Protein chains: 2
Amino acid sequence: MGLGDRQLKILQAIIKDFITTAEPIGSRTLAKKYDLGISSATIRNEMADLEELGYLEQPHTSSGRIPSDKGYRLYVDHLMKNGTNPQKQKNEIKKKFIKSVGEIEQIIENTAKFISETTKLTSIVLSPQLKQGKLKYVKLVSIDSNVILLIVVSETGIVKNTIIRVDEDYTFNDLEIISRIIDFKLKGIRICDITAFIIENMYEEVIKYSAIVKKIFPALMNALEEMVSIELYLEGLTNIFDLPEYHNIDRARNFMTLLDQKEYLIDLLLSSKEELDITIGKENKHLEMKNCSLITATYQYNGFIVGKIGVIGPTRMDYSYTTSVVRSITRTLSEILNEDKRK
Amino acid sequence: MGLGDRQLKILQAIIKDFITTAEPIGSRTLAKKYDLGISSATIRNEMADLEELGYLEQPHTSSGRIPSDKGYRLYVDHLMKNGTNPQKQKNEIKKKFIKSVGEIEQIIENTAKFISETTKLTSIVLSPQLKQGKLKYVKLVSIDSNVILLIVVSETGIVKNTIIRVDEDYTFNDLEIISRIIDFKLKGIRICDITAFIIENMYEEVIKYSAIVKKIFPALMNALEEMVSIELYLEGLTNIFDLPEYHNIDRARNFMTLLDQKEYLIDLLLSSKEELDITIGKENKHLEMKNCSLITATYQYNGFIVGKIGVIGPTRMDYSYTTSVVRSITRTLSEILNEDKRK
DNA sequence: TGTTAGCACTCTCTTTAGTCGAGTGCTAAA
DNA sequence: TTTAGCACTCGACTAAAGAGAGTGCTAACA
């Protein structure tokens with residue numbers, strides 16, 4: 001490497017300028033705008049060097065320079081000062097959350113909204129992955145003679161219930177016994193470890209009480225499956241219209257169409273295991289993401305790693321500010337979720 | 001009125017053409033394309049008359065004509081043949097639905113997806129309004145010494161539950177008694193009729209058993225409130241990018257921003273009580289909707305009127321096809337929801 | 001009298017050419 | 001090593017010209 005001090009300063013100035021203007025910048029304007037103490041000609045020479053080294057790009061001969069992905073990478077890894085995130089904002093974040101009483105879903109949705117509002121970008125939040133969580137409680141409740149309610153509760157406090165309609169006769173006592181057996185057998189097992197095998201095993205044991213288990217077991221499987229399924233909250237999609245890079249219809253369309261694919265987004269967020277990860281432009285695998293950057297972070301729920309937060313924006317995004325927001329939000333979110341637990 | 005037969009034919013041809021091409025059409029092309037048996041000059045004269053009567057518009061002198069809102073209205077009310085909706089499609093619809101086992105939310109979401117896919121427009125589906133529904137069942141279940149689960153079930157089979165964390169001591173017996181009293185008092189009452197008054201009344205009666213009711217009652221209120229809240233499913237937003245009228249960024253942005261406002265959409269759909277309602281262009285109250293048309297329909301759940309379906313597209317949409325799709329979907333949806341009940 | 005052919009005219013859209021301006025690379029002087 | 005100067009480049013903008021689709025009006029025709 002060995003970029004000179006002056007080159008770094010120039011690179012930084014270019015990035016800073018491009019982040020706000022989205023326009024290529026030339027040596028003369030750079031010299032005028034930023035007090036670098038050197039003439040435009042010198043800057044010109046340095047710029048040529050920086051381009052040769054791959055930190056800058058030139059959209060066409062005789063236009064200004066813009067930062068390359070490599071340039072952003074250098075900036076993010078070494079040049080960027082960690083954005084100051086005043087206490088003020090943190091309090092505001094909390095307040096915002098506190099509004100949503102109880103429900104985790106609400107908290108997560110609000111988190112996504114808050115991120116997209118403060119960063120003016122598109123945010124994605126993945127609900128906690130409960131695969132690792134243990135089952136806490138299973139219960140069957142008779143609603144009336146042909147409706148049974150199945151309740152499944154995870155250790156982390158997620159509740160799933162299913163209405164089961166049955167034609168078969170059953171007694172309250174049968175139901176209670178079945179309920180207890182299932183609860184006893186599954187309690188404390190990690191949800192991802194509850195295989196069809198375990199359930200089938202139980203089936204044998206329980207079928208003698210009543211034929212309704214034929215309806216109950218599929219419902220149970222279903223409830224467990226839903227329990228570990230990941231919910232995705234996407235907010236601030238329309239924010240991209242404010243960015244000059246999306247004034248082109250096709251770009252906007254591609255972006256939106258891409259973000260419409262839930263599975264893709266889940267995959268995208270889960271592929272990084274880091275606590276905070278920045279993927280810049282072409283570092284992204286997917287073609288449509290080549291001119292986007294993605295910041296992902298991991299939040300904790302109940303001690304073990306679980307949820308994901310992501311922000312998608314143009315490579316030209318304000319990395320310093322955005323990462324500081326993301327970092328602060330994950331911290332606050334983890335705090336709130338664990339507080340909630342302790343209560 | 002008194003539009004001649006020939007004028008109606010011309011109007012119909014223009015509308016038909018404009019629906020597919022989105023381009024103003026002139027007398028010559030109209031004469032060539034559609035075998036009307038009259039010359040372009042005659043068409044020209046008739047077009048001038050139709051314009052004077054307000055059924056056509058001319059974007060600029062010396063361009064072709066396009067239908068006006070009034071023209072569409074005439075078309076929708078009198079000219080449009082009810083689109084044939086082959087049995088084939090109906091079966092396909094059903095199949096699509098049947099995939100989603102059980103959960104009403106799933107069925108509704110799939111409905112929205114299906115509509116937007118078949119019409120290539122943006123669809124909105126409102127979940128059933130449960131205000132009119134009666135409460136069927138309330139139960140408190142002890143999960144562990146400081147966690148209680150509150151379950152509320154409506155007659156229509158919607159379940160809401162809330163985890164309540166308590167520090168106060170309580171016995172299983174207390175909990176059971178409280179649970180029974182609440183259930184007894186509220187069972188059979190329409191959810192919208194359960195006022196704070198009723199609940200407070202009950203509070204007095206129940207507080208003697210344990211202090212935990214202080215936590216239970218707010219949770220109950222909350223659960224009831226959530227129960228009657230309307231969910232909204234929006235699908236096919238990105239479809240508008242395929243429409244030439246939204247190749248203009250600002251239009252696309254306005255459209256998306258408008259549809260981002262849940263409250264507005266709910267209001268929009270609920271403001272029509274008809275079984276099937278078509279609102280064309282300027283008939284819409286909201287400025288941003290002046291160049292859109294909206295088709296809304298009502299579906300039934302459990303006998304009484306409850307849910308809403310909507311399709312939003314440009315005034316140039318294929319009314320015949322779209323209404324037939326919407327009509328058929330509402331019918332199928334009502335059927336499925338009631339079948340589900342009977343099971 | 002309604003219908004049609006013909007024609008001059010209108011207006012948008014596209015293409016072409018010309019100009020402007022921001023920027024570059026290179027050379028030579030400080 | 002830095003800087004001033006200069007010729008050159010290339011996209012963006014503007015103006016003019018031409019094409020194409022359409023109109024309204026007039027006059028002829030069945």
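This one's a predicted model, so the numbers in the text were calculated from it and none came from an experiment. Naming convention: chains lettered A, B, ... in sequence-line order (proteins, then strands); numbering from 1 in each chain.
Contact annotation: A/R44 does not reach the phosphate of C/dA22 (side-chain N/O to OP1 or OP2, under 4.0 Å). Within the 4.0 Å cut-off from OP1 or OP2 of C/dG23, not a single side-chain nitrogen or oxygen of A/S27 is found. Residue B/R65 has a polar side-chain atom (N or O) positioned under 4.0 Å from OP1 or OP2 of D/dG24. Contact check, A/T61 against C/dT24: no side-chain N or O comes under 4.0 Å of OP1 or OP2. Taking side-chain N and O atoms only, B/S39 has a distance below 4.0 Å to OP1 or OP2 of C/dT4. Taking side-chain N and O atoms only, A/T29 has a distance below 4.0 Å to OP1 or OP2 of C/dG23.
Across the protein-nucleic acid pair, A/M47 atom CE and D/dT3 atom C1' stand 16 Å apart, rounded to whole Å. Nucleotide D/dT1 holds its C1' atom 17 Å from the CG atom of A/D5, rounded to whole Å. Between the CD1 atom of A/I38 and the C1' atom of D/dA4 there is a distance of 15 Å, rounded to whole Å. In this structure, A/I43 places its CD1 atom 10 Å from P of C/dT24, rounding to the nearest Å.
For A/R28, taking side-chain heavy atoms from C-beta onward, the closest of the listed nucleotides D/dG24, C/dT24, C/dT10 is C/dT24. Picking from D/dA4, D/dT2, D/dG24 the nucleotide with the shortest atom distance to the side chain of A/A41 gives D/dA4. With distances taken from any side-chain atom of A/H60 to the nucleotides D/dT2, C/dC11, D/dC10, the minimum falls on D/dC10.
Remark on DNA chain C: of its neighbouring residues B/G37 and A/S63, the 5'-side contact belongs to B/G37, judged by nearest-heavy-atom nucleotide.
No salt bridge links A/K120 with A/D242; every basic N to acidic carboxylate O contact stays at or beyond 4.0 Å.
Inspection of the B/S293 and B/Y319 side chains reveals an N or O donor paired with an N or O acceptor under 3.5 Å.
With a 4.5 Å cut-off on side-chain heavy atoms, B/P24 and B/H60 do not count as touching.
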